[in-house]
Amino acid sequence: MADKEPVVERREDEEEVEAASAAAGEEEDTGAHVAPIVRLEEVAVTTGEEDEEVLVDMKAKLYRFDKDGSQWKERGTGTVKLLKHKENGKVRLVMRQAKTLKICANHLVISTTKMQEHAGSDKSCVWHASDFADGELKEEMFAIRFGSVENCKKFKDLVEEIAESLTKTEGKENEEGSSAAGLLEKLSVSESKSEEATTKEESANAGKETDTKSAATSSE
């Protein structure tokens with residue numbers, strides 16, 4: 001009498017065959033091409049910083065002083081930059097929030113910009129500025145906090161260096177303007193004197209002509 005095959009082994013073989021067939025079906029390339037419903041085109045994104053050189057780029061947290069509530073309010077956490085324009089040389093401070101990239105500070109560094117250490121923190125500094133982050137110029141008081149004392153000092157020193165350089169440039173321009181004004185004044189005075197001399201000379205010549213005519217008439 002022949003031995004019967006174990007039922008368990010047959011079931012295991014069937015399961016192996018089914019699994020292999022399923023795997024082959026998944027790997028089989030049907031050659032079908034499914035076109036996307038919407039075709040997306042690349043769009044050039046501009047930040048407005050293309051014509052500027054990055055002087056400093058640091059992570060920080062910005063605060064704005066609320067005059068109505070007489071308290072500091074967080075403006076955003078992100079990256080603060082000092083950008084120098086490649087053509088006119090002007091430097092502006094720009095800060096964007098980390099996730100949304102929303103601008104939370106945007107103003108020029110001018111000769112009167114002065115950074116001061118925030119009371120009680122050597123990682124923070126405070127300054128005043130005419131800011132344009134909200135689309136219109138507003139007189140703001142900002143405080144910024146860095147992750148380290150070194151970054152705060154580097155940022156503060158660079159802003160002060162730029163402001164000092166602008167002060168010297170403006171001083172030279174004022175001196176040149178004063179010199180030009182003085183030169184114009186001298187030229188005006190010289191021209192006035194020349195005109196007076198010319199007028200006197202013309203008057204003298206006219207007098208001589210009159211005397212000559214009178215003498216001629218008398219002789220006749």
Side-chain angles (χ1 to χ4, degrees), residues 35-174:
I37 298 174
V38 179
R39 184 179 295 277
L40 299 177
E41 297 181 358
E42 292 185 1
V43 179
V45 179
T46 58
T47 62
E49 302 173 9
E50 288 74 18
D51 296 328
E52 294 170 303
E53 175 189 356
V54 180
L55 301 180
V56 72
D57 184 345
M58 297 180 179
K59 292 182 179 179
K61 181 178 288 188
L62 185 70
Y63 298 86
R64 167 186 163 274
F65 188 75
D66 181 14
K67 297 178 182 178
D68 297 331
S70 297
Q71 60 180 340
W72 289 102
K73 289 188 175 181
E74 184 176 335
R75 185 77 168 168
T77 300
T79 301
V80 61
K81 297 180 181 180
L82 290 176
L83 304 171
K84 183 177 182 179
H85 199 278
K86 295 177 182 177
E87 294 183 4
N88 58 35
K90 292 183 178 180
V91 179
R92 65 174 177 139
L93 184 153
V94 178
M95 183 166 178
R96 298 176 184 269
Q97 293 180 2
K99 295 181 180 179
T100 63
L101 298 182
K102 180 182 177 182
I103 294 177
C104 48
N106 180 21
H107 64 79
L108 289 174
V109 177
I110 57 178
S111 59
T112 56
T113 303
K114 188 174 181 180
M115 294 278 173
Q116 297 179 335
E117 290 186 3
H118 195 285
S121 176
D122 52 1
K123 296 181 182 179
S124 306
C125 49
V126 183
W127 75 98
H128 293 267
S130 296
D131 191 70
F132 198 72
D134 295 330
E136 59 179 346
L137 279 178
K138 292 182 181 179
E139 289 297 325
E140 300 282 12
M141 182 176 179
F142 290 117
I144 192 167
R145 180 177 176 84
F146 295 92
S148 66
V149 177
E150 292 76 17
N151 282 354
C152 183
K153 187 177 185 304
K154 181 179 179 181
F155 178 80
K156 180 175 176 291
D157 290 347
L158 183 54
V159 172
E160 291 180 348
E161 181 182 336
I162 295 168
E164 185 177 350
S165 175
L166 290 172
T167 301
K168 290 180 180 178
T169 302
E170 291 174 1
K172 289 181 180 179
E173 290 177 353
N174 291 335

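Computation of the quantities below employed the complete heavy-atom set of this structure, encompassing side-chain atoms and omitting hydrogens, waters and symmetry-equivalent molecules.
Across all their heavy atoms, Met115 and Phe155 have their closest contact at CE-CE2, 3.6 Å. Pairing each heavy atom of Lys154 with each of Val56, the nearest pair is CE-CG2, 4.5 Å. Looking at every heavy atom in both residues, Leu101 comes nearest to Arg96 through O-NH1, 3.3 Å. In terms of heavy atoms, Leu62 sits closest to Met95 at CB-SD, 3.6 Å.
At distances below 3.5 Å, not a single donor-acceptor pair connects side-chain atoms of Glu140 with backbone N or O atoms of Phe132.
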Quiz: residues 79-86 side-chain donor-acceptor pairs under 3.5 angstrom, not counting sequence neighbours:
from, atom 1, to, atom 2, distance (Å)
Lys81, NZ, Glu49, OE1, 3.2
His85, ND1, Glu87, N, 3.0
His85, ND1, Asn88, N, 3.4

Under 3.5 Å donor-acceptor pairs involving side-chain atoms of residues 157-168, not counting sequence neighbours:
from, atom 1, to, atom 2, distance (Å)
Asp157, OD2, Lys153, NZ, 2.8
Glu160, OE2, Lys156, NZ, 3.0
Thr167, OG1, Ala163, O, 3.0

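Side-chain contact between Met141 and Trp72: present, with at least one pair of heavy atoms (C-beta onward) separated by less than 4.5 Å. His107 has its side chain out of reach of Ile110: every pair of non-hydrogen atoms, C-beta onward, lies at least 4.5 Å apart.
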side-chain contact (heavy atoms from CB on, under 4.5 Å) between Cys125 and His118: does it pass, once the steps are laid out? CA-CA 5 Å; Cys125 49; His118 195 285; 5.8 Å; no

Steps toward side-chain contact (heavy atoms from CB on, under 4.5 Å) verdict (Arg92, Glu52): CA-CA 9 Å; Arg92 65 174 177 139; Glu52 294 170 303; 2.7 Å; yes

With side-chain contact (heavy atoms from CB on, under 4.5 Å) as the criterion, how do Glu74 and Tyr63 come out once you've worked through the C-alpha distance, each side chain's angles and the decisive distance to 0.1 Å? CA-CA 4 Å; Glu74 184 176 335; Tyr63 298 86; 4.1 Å; yes

Take Asp131 and Arg64, measure what side-chain contact (heavy atoms from CB on, under 4.5 Å) needs, and give me the verdict at the end. CA-CA 11 Å; Asp131 191 70; Arg64 167 186 163 274; over 6 Å; no

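Using cut-offs of 30° and 60° on the angle between ring planes, the pair Phe142 and Trp127 is tilted.
Taken to the nearest 0.5 Å, the SG atom of Cys152 stands 9.0 Å off from the CE atom of Met58.
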